[in-house]
Amino acid sequence: EVQLQASGGGLVQPGGSLRLSCAAEFTGVFFNDYVIAWFRQTPGKEREGLACHSTSDGIKHYADSLKGRLTVSRDKGKHTEYLQMDNVKPEDTAIYYCASHQSRFCSGFDPTTYLFWGQGAQVTVSW
């Protein structure tokens with residue numbers, strides 16, 4: 001059983017940075033057997049994959065369109081994954097989700113691959 005809780009959303013000014021947290025609770029399973037990824041979604045659009053963090057080798061994968069603005073990191077002791085986005089723009093306004101599935105390696109951003117999802121954190125980029 002895996003439970004995820006995203007937090008840290010809110011109002012961010014254009015050009016600023018945002019940092020989201022995803023607190024993961026693993027019951028009966030091993031934290032290192034699960035990858036954690038980040039997605040976002042706006043009304044009327046498909047869920048967009050942003051980043052994925054492999055647990056086995058620590059490799060971080062980023063969506064090509066957002067490379068250079070995203071950084072993922074992990075606090076293993078707290079079972080928490082972080083997403084930082086720099087130089088945010090109004091078009092980054094969305095609900096941001098963390099997601100997980102059982103694998104030691106990231107295998108892309110197909111949302112159907114991920115079985116466990118956090119509740120989402122609203123991010124609004126505006127003056």
Side-chain angles (χ1 to χ4, degrees):
E1 177 72 20
V2 179
Q3 292 184 326
L4 305 173
Q5 184 167 359
S7 61
L11 180 64
V12 187
Q13 292 186 349
S17 297
L18 67 87
R19 188 176 189 235
L20 302 175
S21 301
C22 178
E25 185 175 326
F26 294 85
T27 304
V29 296
F30 192 47
F31 177 66
N32 283 345
D33 287 341
Y34 287 75
V35 299
I36 295 182
W38 291 92
F39 292 77
R40 68 182 180 185
Q41 190 168 24
T42 54
K45 292 188 177 181
E46 293 184 353
R47 199 160 286 193
E48 177 188 13
L50 306 176
C52 182
H53 196 172
S54 291
T55 51
S56 61
D57 53 15
I59 293 179
K60 303 166 185 178
H61 304 259
Y62 299 104
D64 289 340
S65 61
L66 293 166
K67 272 183 182 176
R69 293 205 295 136
L70 295 177
T71 304
V72 291
S73 60
R74 177 172 298 163
D75 185 329
K76 287 186 178 181
K78 295 181 179 179
H79 286 185
T80 300
E81 186 82 8
Y82 302 97
L83 173 74
Q84 179 165 324
M85 178 182 286
D86 299 319
N87 189 27
V88 296
K89 306 171 184 179
E91 52 264 40
D92 294 320
T93 296
I95 298 176
Y96 285 69
Y97 298 89
C98 55
S100 182
H101 73 99
Q102 187 175 6
S103 176
R104 287 177 171 258
F105 301 95
C106 290
S107 58
F109 295 119
D110 180 358
T112 63
T113 303
Y114 294 83
L115 297 181
F116 306 101
W117 291 83
Q119 82 284 9
Q122 174 69 51
V123 172
T124 302
V125 182
S126 176
W127 295 106

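Along the sequence shown, the residues carry numbers beginning at 1.
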Is there a side-chain contact between Phe26 and Glu1 in this structure, where contact means two heavy atoms from C-beta onward sitting under 4.5 Å apart? no
Would you say CD of Gln122 has more than 12 non-hydrogen atoms from neighbouring residues, nucleotides or ligands within 6.0 angstrom?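 Counting neighbours around CD of Gln122, more than 12 heavy atoms of other residues, nucleotides or ligands fall under 6.0 Å, so yes.
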Check this for me: Glu46, atom CD, are more than 12 non-hydrogen atoms of other residues, nucleotides or ligands nearer than 6.0 Å?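 No.
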Hphob cluster co-occupancy, [X] + [Y], side-chain heavy atoms under 4.5 angstrom:
X	Y	value
Leu115	Leu4	yes
Ile36	Val123	no
Leu50	Phe109	no
Val72	Leu18	yes

Answer yes or no: is there a donor N or O on one side and an acceptor on the other, between the side chain of [X] and the main chain of [Y], under 3.5 Å?
X	Y	result
Ser100	Val35	yes
Thr93	Val125	yes
Gln119	Ala6	yes
Ser54	Cys106	yes

How long is the straight-line distance from [atom2] of [Y] back to [atom1] of [X], given to the nearest 0.5 Å?
X	Y	atom1	atom2	value
Arg74	Thr80	CZ	OG1	10.0 Å
Cys22	His53	SG	NE2	13.0 Å
Arg19	Gln84	CZ	CD	7.0 Å
Thr112	Arg47	OG1	CZ	11.5 Å

So, for [X] and [Y], which heavy atoms are closest and what is the spacing to 0.1 Å?
X	Y	result
Glu48	Ser65	OE2-OG, 4.0 Å
Ala63	Gly49	CB-O, 3.4 Å
Ser17	Asn87	OG-N, 4.4 Å
Arg40	Ala94	CB-CB, 3.9 Å
Tyr114	Gly108	OH-O, 2.9 Å
Tyr62	Ala51	CD2-CB, 3.7 Å

Option from Tyr96, Tyr82, Tyr97 for which side-chain contact (heavy atoms from CB on, under 4.5 Å) with Leu20 holds: Tyr96
Ring-plane angle category for Phe39 and Trp117, please: parallel below 30°, perpendicular beyond 60°, tilted otherwise.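 Phe39 and Trp117: tilted rings.
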Candidate pair Glu25 and Val2, rule side-chain contact (heavy atoms from CB on, under 4.5 Å), full reasoning: CA-CA 6 Å; Glu25 185 175 326; Val2 179; over 6 Å; no
Output yes when Asp92 and Lys89 qualify as a salt bridge under the 4.0 Å nitrogen-oxygen rule, no when they do not. no
